[in-house]
There are 4 protein chains.
Amino acid sequence: MDIKEFFRNDRFAMEAGIKLTDVRPGYSKAEMTLTPDHMNAGGTTQGGAIFTLADLALAAAANSHGKLALSLDASIHFFLPSKPGDTLTAEAKEKHVHKRTGYYQVEIKNQNGELVACFDTTVYRKDTELPFCLNH
Amino acid sequence: MDIKEFFRNDRFAMEAGIKLTDVRPGYSKAEMTLTPDHMNAGGTTQGGAIFTLADLALAAAANSHGKLALSLDASIHFFLPSKPGDTLTAEAKEKHVHKRTGYYQVEIKNQNGELVACFDTTVYRKDTELPFCLNH
Amino acid sequence: MDIKEFFRNDRFAMEAGIKLTDVRPGYSKAEMTLTPDHMNAGGTTQGGAIFTLADLALAAAANSHGKLALSLDASIHFFLPSKPGDTLTAEAKEKHVHKRTGYYQVEIKNQNGELVACFDTTVYRKDTELPFCLNH
Amino acid sequence: MDIKEFFRNDRFAMEAGIKLTDVRPGYSKAEMTLTPDHMNAGGTTQGGAIFTLADLALAAAANSHGKLALSLDASIHFFLPSKPGDTLTAEAKEKHVHKRTGYYQVEIKNQNGELVACFDTTVYRKDTELPFCLNH
């Protein structure tokens with residue numbers, strides 16, 4: 001199974017219109033074009049929508065080694081508002097990986113390349129084998 | 001306008017099936033009953049769905065004073081998996097509030113009262129008046 | 001060996017004048033009386049001094065079960081300044097513990113009971129046995 | 001007054017043997033050579049010592065614009081242990097700056113260039129003028 005196909009089973013991310021556009025070992029990119037359905041009561045993008053975009057990118061990068069990685073915790077810092085019509089891109093990079101834990105940073109930018117948010121997460125790596133592996 | 005009515009304009013949270021059940025000054029509660037649409041590729045609840053639930057509770061608590069509060073950053077720690085049919089409840093409490101900033105902690109529990117996740121956030125408080133105020 | 005005696009080997013915390021005052025399973029308290037040596041260039045307590053106080057309390061609570069627990073990450077939120085002569089108390093509580101991981105929250109208050117900072121951390125629990133155990 | 005001279009008033013960082021080695025607008029570098037006094041009860045570097053190193057680098061970068069910046073919160077992720085004799089270098093970079101808030105990331109490496117920890121922080125920027133400014 002292809003890893004992008006695997007993550008199409010992430011129904012919450014699919015409902016939010018998120019697409020994985022690139023996955024390599026310890027790296028991934030995802031994008032989301034904003035609609036009125038991503039907005040909060042203040043009329044800007046809900047933090048949860050941006051978190052979900054970052055989380056899918058993180059999950060693809062962290063699971064790219066073929067073993068199940070689960071988030072222990074995640075943080076997100078918000079810088080710029082966004083609105084319907086904008087396209088947000090999340091790029092996840094592995095900063096550190098150990099037998100049992102890993103740390104990833106994700107930058108979320110808009111279509112003008114401006115930094116909208118930064119996300120980072122610590123994962124726990126289980127022995128469970130996933131139905132794909134990008135490391136050759 | 002009632003504060004619960006105001007937050008029904010949070011379309012991303014509404015799409016996720018989240019309901020505010022209680023709002024008082026510096027405090028709020030929200031809940032979400034899980035369906036297959038909240039799941040990730042691993043078959044447990046997407047972190048972004050839990051984040052969105054916590055974020056709506058936080059937003060109601062932080063905006064309850066009638067001035068616009070925006071999240072600068074937020075962290076979430078995950079403890080227990082959950083699945084379709086479970087009901088998650090998020091309870092937000094104000095730990096500290098200053099003229100310009102505030103800090104809130106949110107506990108997310110399942111229907112058995114077990115702690116599923118902890119969320120916390122720092123907000124920036126603008127001078128913008130909101131169309132409601134719970135402080136008398 | 002007594003757990004308080006074990007933590008007197010924390011030389012950085014000892015140099016900072018930190019004392020463990022209470023340790024029970026999943027719980028601990030530590031305190032530090034501030035001197036000019038704890039101040040930063042702005043004349044208030046250095047964030048690192050408050051972090052160290054919270055970290056010692058966390059370490060005692062997380063290691064109270066007799067197995068080595070290491071911090072994977074920690075966050076601290078600052079609310080009130082403090083100054084020489086103030087006494088800060090950190091109280092650590094276990095919010096969640098699993099075979100391999102644990103999550104702890106620490107509240108730091110001054111001598112008037114005002115909340116100065118909140119700290120939280122995720123630990124990884126190794127199999128290494130410590131020379132003490134508070135669980136009977 | 002020179003900015004490096006100003007930060008020599010950070011007595012907690014000075015006691016820990018930390019030196020600012022480079023400061024430019026939105027950027028700084030600091031270093032600390034480890035001694036037995038930086039160790040914790042487990043015999044590796046106390047998290048608070050690494051936090052203090054990162055915090056001084058952050059403070060220099062965030063205050064380099066000549067206005068007082070205060071940390072609202074900070075997070076640190078630990079990857080590798082270190083020991084007496086090692087030299088740790090912290091490099092702080094400004095990721096985002098706004099009228100009232102800023103966000104900084106700090107990487108802490110050992111003398112072999114290995115990543116020991118990542119630190120990030122959100123600051124609040126006051127109107128208070130500092131006795132120096134690096135922006136021309």
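Throughout, a chain's letter reflects where its sequence line sits, starting with A, and its residues are numbered from 1. Note that these values count all heavy atoms, side chains included, but never hydrogens, waters or copies made by symmetry.
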Query raised in the report: Could you state the interatomic distance from CD (B:Gln46) to CD1 (A:Ile18), rounded to the nearest 0.5 Å?
Result: 7.0 Å
Report summary line: When rounded to the nearest 0.5 Å, the distance separating CG of B:Leu56 from CG of A:Asn40 is 9.5 Å
Query raised in the report: Roughly how far, to the nearest 0.5 Å, is NE2 of A:His77 from OG of B:Ser71?
Result: 11.0 Å
**Report entry** Selection from A:Cys118, A:Ala16, A:Gly47 maximising heavy-atom pairs under 4.5 Å formed with chain B
**Finding:** A:Gly47
Report summary line: Per-residue tally against chain B (heavy atom, under 4.5 Å) across A:Asn9, A:Asp73, A:Asp37, A:Thr121 peaks at A:Asp37
Query raised in the report: Given a strict heavy-atom distance threshold of 4.5 Å, which part of B:Leu72 is in contact with chain A: side chain, backbone, both, or neither?
Result: backbone
Query raised in the report: In terms of ring plane angle, is the pair A:Phe12 and B:Phe12 parallel, tilted or perpendicular, where the classes change at 30° and 60°?
Result: perpendicular
Report summary line: Whatever's closer than 4.5 Å to a heavy atom in chain A on B:Pro36 counts as both
Query raised in the report: Given the options B:Asn63, B:Leu68, B:Thr52, B:Ile76, which has more heavy-atom pairs under 4.5 Å with chain A than any of the others?
Result: B:Ile76
Report summary line: Given B:Pro81, B:Ala74, B:Ser75, B:Ala54, the one with more heavy-atom pairs under 4.5 angstrom with chain A than any other is B:Ala74
Requested in this report: List the steps, then state whether side-chain contact (heavy atoms from CB on, under 4.5 Å) holds for B:Phe51 with A:Asp55.
Outcome: CA-CA 10 Å; B:Phe51 185 98; A:Asp55 196 59; over 6 Å; no
Query raised in the report: Do you know which of A:Phe119, A:Phe6, A:Phe7, A:Phe79 has the most heavy-atom pairs with chain B at a distance under 4.5 angstrom?
Result: A:Phe6
